[in-house]
Amino acid sequence: MWAALKQFFSAILAMILSIFSLFGISVNEEKDVQNVILLIGDGMGVMTLEKTKQERGISLAMETMEQQGFCMTRSASDEVTDSAAGATALACGVKTSNGSVGYYWFDDPSADWTEGTYPKNITEACMEYGMKTGIVTTDYTSGATPSGFSVHTSSRNNTEDIYAQQLESGIDLIWGRSQSKYISKSDITSAGYTYVNTISAMNSVSSGEKSFGQFSASLYHTYNKTDYTPTLSQMTESAIEILSGSDEGFFLMVEGAHIDKKAADNEDSLTTEAVEEFDNAVAKALEFAEKDGHTLVIVTADHETGGITLNEDGTYSFTTTSHTAANVPVFAYGPYEFISDGEIIDNTDVPKRIAEALGISDFPAEA
């Protein structure tokens, strides 16, 4: 009898939901976040986006995302952060001093950290939960931002140590520019990674394979400079396809590093080209998330570079070659309220909210 009643009420509920759908009425359904794609536009401020739209005559995929707010960026040691401290905040949920990667701020008067004690990064936390993980950047993989999500070292300049830790990290996919002075193909294959240095090799990686990308030439352009070098959006699309081949869910960090690099040189067209290609990568992430239904996509920056300002004649220009303390944009899309409209959060809140969305309870924590 009870089974019959349950079946009857289930049928009634299904009919009601069908009617709501027919008239375009949305029904609030609880959805789990199984995957997270975090895209970081290094040096990307609000005015960077306005300058790009005006000068390139484009709209931006990231600005179509439903959730939009802002992020504060200062480090533990300085009002203006560098990329190392910024990456540590975005990856580990703790503040540190400029120059440090995945390290606690040892000058913190309220803490008693000892050498050898490190904050766990969100990549490590996801791996402990059985998820696949990936890091994609237009920079060297030893760059400050990818390092923040993969290693723990006192200085962003400890390049050899960074590569050694990355090869021991167990992260499924680490792709960036080639830096043969510090890492070789034999180093990579000896560590159990597939060496990837062309578009075809990248697209041949299977979902069960660990791969380490070392691409030549520049990766930030909106088109291929050579037949072998992928764009950031191509890397992002391929990484998503590889990581999503698992049932455990995945975490992927994608960095557009050259927004910062070109803004620091005050190069107008190259800065905006880097933004456009970064946004192309965002579009690839959103395309997957919209189809998947269980993917949270977040777009933000570690800091603003160039002090871009609006002139009286309506144009935009750089005012400095350095980083600034300006708040940076945060965009989010997916089955989780990551940020409310216009909300200003701290950069340390980003990985904390990612962990919460994934149901990871023990974060931040020591590594």
Side-chain angles (χ1 to χ4, degrees), residues 26 28-33 35-50 52-53 59-76 79-81 83 85-96 119 121-122 125-126 145 148-149 251-256 259 275 278-279 282-283 285-286 289-290 293-305 307-308 310 323-361 363-364:
S26 63
N28 183 20
E29 296 180 85
E30 199 86 19
K31 289 186 177 180
D32 293 334
V33 175
N35 315 304
V36 173
I37 305 172
L38 172 62
L39 300 105
I40 299 173
D42 197 318
M44 184 183 74
V46 174
M47 290 300 195
T48 320
L49 302 182
E50 296 302 319
T52 299
K53 288 187 294 183
S59 57
L60 297 172
M62 68 183 82
E63 293 191 330
T64 67
M65 297 168 74
E66 298 167 352
Q67 305 174 43
Q68 301 188 13
F70 303 93
C71 186
M72 297 180 289
T73 64
R74 72 156 297 145
S75 69
E79 181 180 352
V80 179
T81 189
S83 292
T88 300
L90 292 172
C92 303
V94 301
K95 296 280 188 184
T96 194
N121 60 53
I122 192 64
C126 289
T145 301
F149 287 81
F251 170 77
L252 173 64
M253 191 286 291
V254 176
E255 182 202 20
I259 301 169
V275 174
F278 176 73
D279 191 64
V282 173
L286 288 174
E290 289 166 0
H294 295 283
T295 298
L296 174 64
V297 178
I298 305 148
V299 179
T300 191
D302 51 355
H303 56 76
E304 192 271 353
T305 301
I308 297 173
L310 176 62
H323 300 178
T324 72
N327 290 348
V328 295
V330 179
F331 304 98
Y333 170 87
Y336 174 80
E337 188 176 343
F338 187 83
I339 192 167
S340 58
D341 188 37
E343 182 183 6
I344 301 173
I345 63 174
D346 191 70
N347 51 8
T348 57
D349 291 326
V350 172
K352 293 174 186 177
R353 294 188 181 194
I354 290 173
E356 183 179 69
L358 289 168
I360 296 174
S361 57
F363 188 89

Report task. Looking only at non-hydrogen atoms, find the nearest pair between Thr145 and Ile40 and report the distance. Result -> CG2-CD1, 4.0 Å
**Report entry** Glu337, CD atom: more than 12 neighbouring heavy atoms under 6.0 Å
**Finding:** no
Requested in this report: Would you name the heavy atoms of Ile122 and Pro351 that are closest together and state the gap between them?
Outcome: CD1-O, 3.8 Å
Requested in this report: Compare every heavy atom of Ala91 with every heavy atom of Gly148, then report the nearest pair and how far apart it is.
Outcome: O-CB, 3.1 Å
Query - Between CD on residue Glu255 and OG on residue Ser83, distance to nearest 0.5 Å - result: 7.0 Å
Query raised in the report: With distance as the sole test, does Thr300 use its side chain to make a donor-acceptor pair with the main-chain N or O of Pro329 at under 3.5 Å?
Result: yes
Query - Any side-chain heavy-atom pair of Phe331 and Thr64 under 4.5 Å - result: no
Query raised in the report: Hey, are Tyr336 and Glu356 close enough side-chain-wise for a donor-acceptor pair under 3.5 Å?
Result: yes
Query - Polar side-chain atom of Glu304 near backbone of Val46 as donor-acceptor pair, under 3.5 Å - result: no
Query raised in the report: What heavy-atom pair brings Phe338 and Ala332 nearest, and what distance separates the two atoms?
Result: CB-CB, 3.8 Å
Report task. Decide side chain to side chain contact (heavy atoms under 4.5 Å, CB included) for Met44 and Val328; before the verdict, give the C-alpha distance in whole Å, the side-chain angles of both, and the deciding distance to 0.1 Å. Result -> CA-CA 7 Å; Met44 184 183 74; Val328 295; over 6 Å; no
Report summary line: Closest non-hydrogen contact found for Val297 with Leu39 is CG1-CD1, 3.7 Å
Query - Where Phe70 and Asn327 come nearest, the two heavy atoms and their spacing - result: CB-CB, 4.4 Å
Query raised in the report: Where do Leu358 and Phe251 land on the side chain to side chain contact (heavy atoms under 4.5 Å, CB included) test, with the steps shown first?
Result: CA-CA 10 Å; Leu358 289 168; Phe251 170 77; 5.5 Å; no
Report task. Starting at CD1 of Ile37, measure out to CD1 of Ile354 and round the result to the nearest 0.5 Å. Result -> 11.0 Å
Query - Gap separating the CG atom of Leu252 from the OG1 atom of Thr295, nearest 0.5 angstrom - result: 10.5 Å
Requested in this report: Kindly compute the distance separating OG (Ser75) from CG (Asp302), expressed to the nearest 0.5 Å.
Outcome: 11.5 Å
Query raised in the report: Between the side chains of Thr81 and His323, does any donor sit under 3.5 Å from an acceptor?
Result: no
Requested in this report: Can you spot which of Thr348, Thr88, Asn347 makes a side-chain hydrogen bond (donor to acceptor under 3.5 Å, both in side chains) with Lys95?
Outcome: Asn347
Query - Note, Met65 side chain near Val282 side chain (heavy atom, < 4.5 Å) - result: yes
Report task. For the pair Tyr333 and Val299, evaluate side chain to side chain contact (heavy atoms under 4.5 Å, CB included) and give the outcome as yes or no after the intermediate values. Result -> CA-CA 9 Å; Tyr333 170 87; Val299 179; over 6 Å; no
Query raised in the report: Does Leu310 reach the side chain of Met47, with side-chain heavy atoms less than 4.5 Å apart?
Result: yes
Query raised in the report: Side chains of Asp42 and Ile259: closer than 4.5 Å at any heavy-atom pair?
Result: no
Query raised in the report: Does Asp346 reach the main-chain N or O of Cys71 with its side chain, forming a donor-acceptor pair under 3.5 Å?
Result: no
Query raised in the report: Would you say Ile339 and Arg353 make side-chain contact, with heavy atoms under 4.5 Å?
Result: yes
Requested in this report: Would you mind reporting whether Leu60 and Lys53 have side-chain heavy atoms less than 4.5 Å apart?
Outcome: yes
